[in-house]
Amino acid sequence: MKIAIILGTRPEIIKMSPIIREFERSYNDYFILHTGQHYSYEMDKVFFEQLELPEPKYNLKVGSGSHGEQTGKMLIGIERVLKQENPDLVLVVGDTNTVLAGALTAAKLGIKIGHVEAGLRSYDKQMPEEINRVLTDHCSDYLFAPTEKSKQILVSEGIPENKIFVTGNTIVDAVYQNIELAHRKANILDRLNLERNSYFLATVHRQENVDDKIRFRNILEGLQKVSKIFGYPVFLVIHPRAKKQMNIFGLKPSGLNLIEPLDYLNFLNLEANARLVLTDSGGVQEEACILRVPCVTLRYNTERPETLEVGANILAGTNPDEIVKKTEYMLSRKREWINPFGDGKAGIRIVHILKNELIESLKYKRGVDLWI
Ligand code: UD1
Ligand code: UDP
């Protein structure tokens, strides 16, 4: 029973890490295929090193490009590897082009698919991620929904209930497995000369935000305004897409502290100690909720409605005055919500389910073969 883990970007490495750790501990018939969607050291290798993950057996080195070019190259490369390795299952997490390419290639080859973080919906088809997650869910055999809500979404779309498993989100596992280490080992607060709760942390990288000059400029203006009005310095950790777009648009935000992407322990530490987080990232919305740091989301929708419901997060969109208003509201909130994303054992649960379910389905396959 061989499993192929396919990943390619920063959040996939982080969210897959608890599953990889569990495979390393209890099951070794698996391998990692990296598409190379992310390739800069600080977006990729740093996480393998810091989280002590085994090196991928394959790296397709697909790199950056238009959606079609990037996804097409992945399909070709993944097919070659899957034909050679002939795994029983492909496992993917999230909603990137890597995830869609992994799932689609497996589906075409008749290989079973497990989708971790299934059932998330923003209902915004302008987002490339929404297309990726819907298509991946609908060709998957094992759908690991983080919450009961995501399960109900899948059921409402006609996916049979027996394919869906509510496991919690592996990001909780990743936070719990690393937060103590982050507090002990990270030196980012010293490096930036910061006290706990004395600054805002911001990240922005969504295509619909940073590839649109007006939206991007508005977000930066919103961040400048909240810094001035509430008296907290803003540290904007700058994703490579945002950096590239900032240069293309000639945006030079004054009054903000721009920092390069951080390793996981330093980022977690900076996030956990922030007074408030402003972000358009999916993973950062979840982590802020888990770490009880109020979050203002720089988007008009979220596929993480659980964070809104528990009162950990609010949608501000990209208008500067709305960002100020929503920041003021979140600063007034008590940090006592309950984490809706599980108990930190999602990785163990997923590996356990895969082992049991796959063994059953293989028994059945062999029975049928014998019968024929
Ligand atoms: C991708 C995912 C997005 C996810 C994000 C996580 C898709 C459609 N998008 O967006 O869902 O939230 O990853 O961070 O799959 N670049 C580098 N170094 C790298 C990678 C990218 O410099 O290692 C730069 C390149 O200029 C590239 C740009 O970032 O053109 C965008 O990279 P890409 O992988 O296309 O999309 P992301 O914005 O990273
Ligand atoms: N992250 C990190 N260093 C950074 C910024 C983010 O380690 O400088 C981590 C963060 O803790 C979270 C994940 O990257 O686990 C989120 O990734 P990203 O925002 O790129 O993608 P998304 O979650 O929106 O798909």
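Counting convention: from 1, in listed order, for ligands and their atoms alike. Not measured: the values here are computed from a predicted model.
Heavy atoms of Glu129 found under 4.0 angstrom from ligand 2: none, in either backbone or side chain. Counting heavy atoms under 4.0 Å from ligand 1, residue Lys244 touches it through the side chain alone. Contacts of His38 with ligand 1, taken as heavy-atom pairs under 4.0 Å, involve both backbone and side chain. At a 4.0 Å heavy-atom cut-off, ligand 2 touches Tyr264 through backbone and side chain alike. Residue-level proximity to ligand 2 for Lys15 is absent, since no heavy atom of it falls below 4.0 angstrom.
The residue among Asn97, Thr96, Thr35 with a heavy atom at the shortest distance from atom 8 (C) of ligand 1 is Asn97. Residue nearest to atom 18 (P) of ligand 2, selected from Ser281, Gly282, Ala288, Ser17: Ser281 (by heavy-atom distance). The residue from Arg10, Gln285, His205 that puts a heavy atom closest to atom 5 (C) of ligand 2 is Arg10.
By the 4.0 Å heavy-atom criterion, Ile14 is counted among the residues contacting ligand 2. Under the 4.0 angstrom criterion for non-hydrogen atoms, Glu42 is not in contact with ligand 1.
With Asn132 as reference, Asn97 is the one residue of Asp95, Thr96, Asn97 to meet the side-chain hydrogen bond (donor to acceptor under 3.5 Å, both in side chains) rule.
A donor-acceptor contact closer than 3.5 angstrom links the side chains of Tyr58 and Glu85.
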